[in-house]
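Encoded as structure tokens, the structure appears first; notes follow it.
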Amino acid sequence: MTPVEQIKSRLSTVDVVGSYLKLIRAGSNFKAVCPFHSEKSASFFVSPARDVWHCFGCGAGGDQFRFVMQIEGVDFREALRMLAERAGIELRVENPRERDERTHLFTLLECAAAFYQKQLASHSNVEAYLTGRGVTRESIEKFRLGYAPPESVGWRVFNEYALKQGYKPQELEKAGLAVKKQVSGYYDRFRNRIMFPITDANEHVVGFGARIYDDPQKKNNPENKEETAPAKYINTPQTPLYDKSAILYAFDKAKMAIRKENCCVIVEGYMDAIMAHQAGTAHTVAVSGTALTNRQLTLLRRLCDKISMSFDMDMAGELATRRSIDLALEMGFDVRALSLPSGKDPADLAAKDAAMWRSTVEGATDIISYFLAKAYGRHDSRTLEGKRAIVASVLPLVARLPREVDKAHWVGHIASHIGVREDAVWQDLGKESPRGNQGDIQKSQAAKPLREQTRTRILEERILGLLLTYGFSHVPALSEELFLSEDIKMLFFALRGAADVHEALANVPQEQLRTFANQLIFETEMLVAREGAEAEYASCMVELQRERMKEKLEQLTHDIRRAEEAGDAQQVSLLADEFSSLSHKFATIS
Ligand SMILES: [Zn+2]
């Protein structure tokens, strides 16, 4: 058995989906409110018998893996890893040593997180500092906040503890927990710091963010401190587990809420994220670097359409921030900015006034309006210089919008505000060329045409659905004249070669086709009961034959007219014979 088969044998689709959604019995299937599109009544179905799911509202569907990929916003490899872990199956990877090292580093980081948590519990002054800033005990637990002891206790407190647990100094260095100096050897990277464990999407600790702890009692000589003051925040460096360009802080705790809200709030600090969660906006994550990366945005793109960014006013114009915004706009996100009262960061606001924080999140303004308002405030739109500055500050953003209608909206808006002709703004916009042509790609994906629903197409689908669902014993010979749709023919072909429907679908390499087959089965189950299946099948076959004959008769009528026009008497008589015998046949079929 392959790992995928092993996992499927231990974790059914009902198990997996049921751990995320409330499933309600619906005949032989289960149904739920779809997590992938917004709806009130349940159109999301799971079949225990076939181990698949399908949503009639948004067309999503597939197996356990597809579900985890979509709901967690992960790729197949990650879904495999998550499900393997749940099923208690060890995955063989290409390089077992590498895997062992990863597992080992994971347990080491877990050990460190637990160690720092315990230290926090025994340093009541640090805990008091946190609660003083508004962090509840519940949040301290949930985010597993910890404390790394100060130098006065020692430079190797965690090192010594970890060595006693059987870890090697090299492993501590590799996990980013220890630093090695030529003379003094290994010592703790984190000392006298409030520890924020950084987790991956699976809640595994992969690294730490660490904030210096200023003991309020020792604040007596601030000038002297300036010189030697260590960085306020330090992070785990790049390690085999921690890649800051791929991680979003609190993502594991936010992902469900992000999907539900169809929006992700992005803040800059660990405290901002924690306080935002505490204030009831659980769809918040923090970036630990300055700019949002492509990988982080890709992760979010699977979960939501909207991102609301919070940055302080001075940072908004900075290159890194602008790059994040450009990237997000190009990926088709609806990008918004949080307008915080001046001088406040999200953590302050959320701690002092949770309701106001929530309304700030609710009232996030469109990013282009945000920059325009700033530009209008800063430049005089009556002067040429002012006009240029306003255009320069927002046009690069407008150029990145994937939809033409949005571009037109902003061009019109800017032109009227600064009092120039729209085509002048359009011309300037043309000079702003965003990288690549991602907009076009997105457009073509969005405009995927729905299947054409003609009468014959519906009949073809119904017949195939009946065969897939009930009529496996008598799969008819494929009639090229009867079935014309390519996808239907391919599924027929798969059915005829297989022992049962599971095998048939397992042999279909195209996921889209398998999803389509599943949809047909769910549809058939709802529309036709087993008792009526045979009669329905027979009547659909007759109906399809009649439809095809009608088409053929229409074609013949057309051909006869052409032959008459051409004066080809022989051809006319030949076609007329064919027409009369076919219409005779048509009359006998009912
Ligand atoms: Zn749906």
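Indexing begins at 1, ligand by ligand and atom by atom, following the structure's order.
Judged purely by distance below 3.5 Å, without hydrogens or angles, the side chains of Asp252 and Thr199 pair a donor atom with an acceptor atom. Neither side chain, Arg66 nor Thr515, offers a donor N or O lying under 3.5 Å from an acceptor on the other.
Taking distances strictly below 2.8 Å, the protein N/O/S atoms close to the Zn ion (ligand 1) are Cys34 SG, His37 ND1, Cys55 SG, Cys58 SG.
Both tests hold for Arg25 against Phe30: distance to the six-membered ring centre under 6.0 Å, angle to the ring axis within 45°. Remark: Lys253 qualifies as a cation-pi partner of Phe143 under the 6.0 Å distance and 45° angle criteria applied to the six-membered ring.
Under the 30°/60° scheme for interplanar angles, the aromatic rings of Phe106 and His204 are found to be tilted.
Checked for salt-bridge contact, Arg336 and Asp366 miss the test: no charged N lies under 4.0 Å from a carboxylate O.
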